[in-house]
Amino acid sequence: MQDNVAISNAMTIKLEDVFAELPEMPPFVEGIRRAPARQFTLSPKDTRLALRNALRYIPPKWHQQLAPEFLEELLTRGRIYGYRFRPLGHIKGRPIDDYRSSCIEGRAFQVMIDNNLDFDVALYPYELVTYGETGQVCQNWMQYHLIKKYLETLNQEQTLVMDSGHPLGLFASSPQAPRVIITNGLMVGCFDDAQNWNRAAALGVSNYGQMTAGGWMYIGPQGIVHGTYSTILNAGRDKLGIPADQDLSGRLFVTSGLGGMSGAQGKSIEIANGVGIIAEVDYSRIETRLEQGWVNRVTEDPAEAFKAAAKCQQQKKSMAIAFYGNVVDLLEYAVNHNIKIDLLSDQTSCHAVYEGGYCPQGISFEERTELLRSGHAGFKEMVDATLRRHYELIKTLADRGTYFFDYGNSFLKAVFDAGVQEICQNGKDPIDGFVFQSYVEDIMGPILFDYGYGPFRWVCLSGTDEDLAKTDRAAMECIDPERRFQDRDNYIWIRDAEKNKLVVGTKARILYQDAMGRMNIALKFNEMVRMGQIGPVMLGRDHHDTGGTDSPFRETANIKDGSNITADMAIHCYAGNAARGMSLVALHNGGGVGIGNAINGGFGLVLDGSERIDGVIRRAIPWDVMGGVARRAWARNQNSIETSIQYNKVRAGTDHITIPYIADDKMVADLVTQAFDDLEK
Ligand SMILES: NC(=O)c1ccc[n+]([C@@H]2O[C@H](COP(=O)([O-])OP(=O)(O)OC[C@H]3O[C@@H](n4cnc5c(N)ncnc54)[C@H](O)[C@@H]3O)[C@@H](O)[C@H]2O)c1
């Protein structure tokens, strides 16, 4: 067996390069949000394994001192984060020229990693959690330093392999290959569940990347605002009969949650020109959104909330009102006072309904937290009773003309789990869906994803406001607002983006675009970099998109040919992006819906102004989107069929999509009925 001296001598990139001496434990600053302790369930044997695993990063001279420290972290926090190696002070994505590397991509990725851990951006920065409760950039601080060392060394002939937060190493490739390939949380099928993944994470061998956290492409809450704006605006048009060239002016949207993603609701309703009342039980969340200007006023009184809303509706003024209290109390008032609500949703964290995601009626947020801490036996029943009441109120409002949609937070499933079978289409189980639709199934899927419209984004790596303003204007000039109503919405979004003050962290922008729109904007930006008009730009997207994610409860909820339980699309998207030379490709398990429920991927492309990158844009960006549109078309989604027919014309001679023939429903139904009748005879 090789000894540790030989092993150390065999590596030129190692933790000792960063730390000549063992650093002091940095202080934990009051007021920085901390991740809750993750459940510790490892056996003594597995605990030994977890310690040996973490010590793989550590020079042996420090093992005696760090082994008990790591054990303490594991026992008290459920994970080994290596807090001692946390950088002192506030991490921030700095301008690209502040970073060192042998290639531009190596510097660009360091900006992105630091932005994902920015104290103003990240949910739990000390635990490397960017967003979504558990979405980490990597697993621990030893990995963070090693990744940065690798990125400083990386050159155009190499690819860094990132294995669930662990930098496996640099391997020879070519300038045309990705500089970084990332996977997060992937599990072998029979172990692909939360329990096995939790063990793997505690052992230090798996990372939950969420979507953009582990793919280093998170850009702060702005990323969600555009999607939420499009969802509520299009819900209004599709379900309330608002004409396509109009907005939500004079309309009332009632919902709940001002947390991580749900916090985007206030800003979004304001941009869509409507009036919103958002219930929130945690006052600290309301304060954050007030400081940001993402809600305009607060009240604890439902009467006052609805009165203020009615006034703004009459005056056609936009307004976001935070109701400090339980959403069920707010809806009780609306039902009892016969108040007309146009759009209704819910963004409590029902994916973790009994772990604190949903506050029961009749108790405060603080009492809820205390009940959770003391493991109160009746807590589950209180949650279930509130969910059942919530559903009754929604039904009453829906009967009176309100349009309710599930916001991908498992609300409908939670109501079913609370004992309401009638919420299922078939009256017994969720296999055929629920009586209310979810936002992707009904709105985002058919209106946006099926055409290829998705959350394209970019980061101006110079870190200057001027570059962001120039890219905003250039992107706007690439959009024809007359083509479709979606284009007009996107045009208005980018026109007003600066005014809406959406940036938190790096100078980033999100803009929903279709395949050709994304390609044209990318080419324009690369030309601007070439001409020296702006510094380099990092392009990317949320994984929550047309082609990047297979997730039967969300992104692929409107795939109805039975293939919604397969994950071929996301894997092809990832592999195809790597083959076409994106600078970074990422593939993750889970995302917003949990381990085993989705496979999702994304990319990063560094625009350096070169003609080589023009070629990558022309080949990779249309593929990234149209692979998803093609699959949606094959599932017989009408808008995707229309988009694919168009694409086959525009890209004749280069690309070609297989488009389905449509069978006559009646002919098929009659045939099958006859066959089954015959079988019964
Ligand atoms: N916004 C999106 O684009 C999007 C997309 C898909 C899924 N989701 C889902 O939406 C949910 C919310 O996400 P988040 O990041 O905002 O979570 P979060 O936990 O940060 O926020 C939820 C908020 O709801 C509040 N809340 C809980 N029970 C309440 C009650 N009864 N009345 C009033 N307020 C209550 C909580 O205090 C919390 O602040 C998650 O389940 C997420 O997966 C959001």
Side-chain angles (χ1 to χ4, degrees), residues 33 36 123-124 129-135 210-213 218 221-232 254-268 277-289 294 300 302 322-332 345-366 368-369 372 382-383 385-387 389-390 393 405-414 438-441 443-444 448 455 510 542-545 549 551 553-555 557 590-594 597-598 600:
R33 272 186 306 260
L123 178 64
Y124 306 129
V129 174
T130 303
Y131 76 104
E133 190 53 42
T134 50
Q210 260 282 359
M211 291 195 151
T212 48
Y218 189 69
Q222 177 184 182
I224 307 290
V225 179
H226 195 358
T228 311
Y229 155 80
S230 297
T231 302
I232 54 179
V254 173
T255 182
S256 58
L258 285 170
M261 291 193 267
S262 52
Q265 295 179 109
K267 187 74 191 170
S268 305
I277 306 178
I278 306 127
E280 171 57 66
V281 286
D282 177 357
Y283 198 77
S284 77
R285 305 281 191 147
I286 296 180
E287 271 178 333
T288 304
R289 299 303 169 191
W294 286 23
E300 291 183 55
F323 168 69
Y324 176 37
N326 200 300
V327 63
V328 183
D329 292 333
L330 186 71
L331 298 187
E332 297 271 11
S345 194
D346 177 80
Q347 265 200 66
T348 55
S349 277
C350 285
H351 68 271
V353 74
Y354 304 119
E355 287 86 54
Y358 184 84
C359 183
Q361 199 177 15
I363 60 169
S364 68
F365 176 72
E366 290 70 27
R368 169 217 83 138
T369 308
L372 275 171
M382 289 168 81
V383 168
T386 308
L387 283 165
R389 181 71 197 138
H390 199 158
L393 293 164
F405 60 97
D406 178 289
Y407 214 118
N409 62 340
S410 296
F411 173 76
L412 299 173
K413 173 72 165 46
S438 87
Y439 76 122
V440 176
E441 194 171 3
I443 306 162
M444 262 200 156
L448 298 174
I510 181 162
D542 194 350
H543 299 193
H544 177 57
D545 195 5
T549 294
S551 179
F553 307 120
R554 265 184 29 186
E555 288 78 357
V593 285
N597 292 324
N600 61 91

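What's counted below: heavy atoms across the whole structure, side chains too, no hydrogens, waters or symmetry copies. Ligands are counted one by one from 1 in listed order, and the atoms in each one are counted from 1 as well. Here the structure is a predicted model, which is why all the values come from computation and not from measurement.
Between the side chain of Thr348 and the backbone N or O of Tyr358 there is no donor-acceptor pair closer than 3.5 Å. Under a 3.5 Å cut-off, the side chain of Arg368 and the backbone N or O of Gly356 do form a donor-acceptor pair. Of the possible donor and acceptor atoms, one in the side chain of Asn326 sits under 3.5 Å from a partner among the backbone N and O of Cys359. Between the side chain of Ser262 and the backbone N or O of Gly259 there is at least one donor-acceptor pair closer than 3.5 Å.
Residue Met261 has at least one nitrogen or oxygen atom sitting less than 3.5 Å from a nitrogen or oxygen atom of ligand 1, judged on distance alone. The distance criterion of under 3.5 Å between nitrogen or oxygen atoms is not met by Leu258 with respect to ligand 1. The distance criterion of under 3.5 Å between nitrogen or oxygen atoms is not met by Tyr439 with respect to ligand 1. In terms of N/O distances under 3.5 Å, ligand 1 is not approached by Ser256. Ligand 1 has no N or O atom lying under 3.5 Å from any N or O atom of Arg554, backbone or side chain. The N/O atoms of Tyr358, backbone and side chain alike, include none that comes under 3.5 Å of an N/O atom in ligand 1. Taking any N or O of Val327, backbone or side chain, at least one lies under 3.5 Å from an N or O belonging to ligand 1.
The two residues Asp329 and Gln361 have their closest heavy-atom pair at OD1-NE2, 2.8 Å.
Residue-level proximity to ligand 1 for Arg285 is carried by the side chain, the only part with a heavy atom below 4.0 angstrom. At a heavy-atom distance under 4.0 Å, only side-chain atoms of Ile224, from C-beta outward, approach ligand 1.
Note: Tyr283 and Tyr324 meet the aromatic proximity criterion, with ring centroids under 6.0 Å apart.
Less than 4.0 angstrom separates some heavy atom of His351 from each of these atoms of ligand 1: 40 (C), 41 (O), 43 (O). Taking every heavy atom of Gly357 and a limit of under 4.0 angstrom, the matching atoms of ligand 1 come to 27 (C), 28 (N). If you number the atoms of ligand 1 from 1 as listed, the ones under 4.0 Å from a heavy atom of Ala279 come out as 33 (C), 34 (N). Against a heavy-atom cut-off of under 4.0 Å, Gly257 is close to the following atoms of ligand 1: 23 (C), 24 (O). Atoms of ligand 1 lying under 4.0 Å from any heavy atom of Asp282, numbered from 1 in the order shown and given with element: 37 (O).
Ligand 1 lies nowhere less than 4.0 angstrom from a heavy atom belonging to Gly227. For Gly325, the heavy-atom gap to ligand 1 drops under 4.0 angstrom. Ligand 1 lies nowhere less than 4.0 angstrom from a heavy atom belonging to Tyr131. Between Ala264 and ligand 1 there is no heavy-atom distance shorter than 4.0 Å.
Across the listed options Pro360, Gly259, Ser349, Ser349 owns the non-hydrogen atom lying nearest to atom 13 (O) of ligand 1. The heavy atom nearest to atom 29 (C) of ligand 1, out of those in Leu330, Thr348, Asp329, Leu123, is found in Thr348.
The protein heavy atom nearest to atom 2 (C) of ligand 1 is Tyr407 CE2, 3.6 Å. For atom 1 (N) of ligand 1, the nearest protein heavy atom (residue, atom name, distance) is Gln347 OE1, 3.0 Å. Counting only heavy atoms of the protein, atom 28 (N) of ligand 1 lies nearest to Cys359 N, 2.9 Å. Considering only non-hydrogen protein atoms, atom 7 (C) of ligand 1 sits nearest to Gly408 O, 3.2 Å. Protein heavy atom closest to atom 39 (O) of ligand 1, with residue, atom name and distance, is Glu280 OE1, 2.7 Å. Counting protein heavy atoms only, atom 9 (C) of ligand 1 is closest to Asn409 CB, 3.6 Å. Of the protein's non-hydrogen atoms, Gly260 N, 2.9 Å is the one closest to atom 20 (O) of ligand 1.
Ion pair Glu280/Arg289 not flagged as a salt bridge, since none of the NZ, NE, NH1 or NH2 atoms sits closer than 4.0 Å to an Asp/Glu carboxylate oxygen.
Side-chain atoms of Asp346 and Ser256 include a donor-acceptor pair closer than 3.5 Å. For the residue pair Thr228 / Gln265, no side-chain donor-acceptor distance below 3.5 Å is found, with atom types taken as modelled.
Between Trp294 and Val225 there is a side-chain heavy-atom pair separated by less than 4.5 Å.
For the atom pair CD1 of Ile443 and CG of Leu448, the computed distance is 9.5 Å after rounding to the nearest 0.5 Å. Residue Gln210 holds its CD atom at 8.5 Å from CG of Asn600, rounded to the nearest 0.5 Å. Glu287 CD to Asp282 CG: the interatomic distance, rounded to the nearest 0.5 Å, is 9.0 Å.
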Discussion item. Show, in sequence, the C-alpha distance, side-chain angles and deciding distance for Tyr218 and Tyr131, and conclude whether the ring pair (Phe, Tyr, Trp, His ring centres under 6.0 Å) test is met.
Written reply: CA-CA 9 Å; Tyr218 189 69; Tyr131 76 104; 4.5 Å; yes

Discussion item. Please evaluate residues Tyr439 and Tyr407 with respect to the criterion ring pair (Phe, Tyr, Trp, His ring centres under 6.0 Å), reporting the C-alpha separation (whole Å), side-chain torsions for both, the decisive distance (0.1 Å), and the verdict.
Written reply: CA-CA 5 Å; Tyr439 76 122; Tyr407 214 118; 4.5 Å; yes

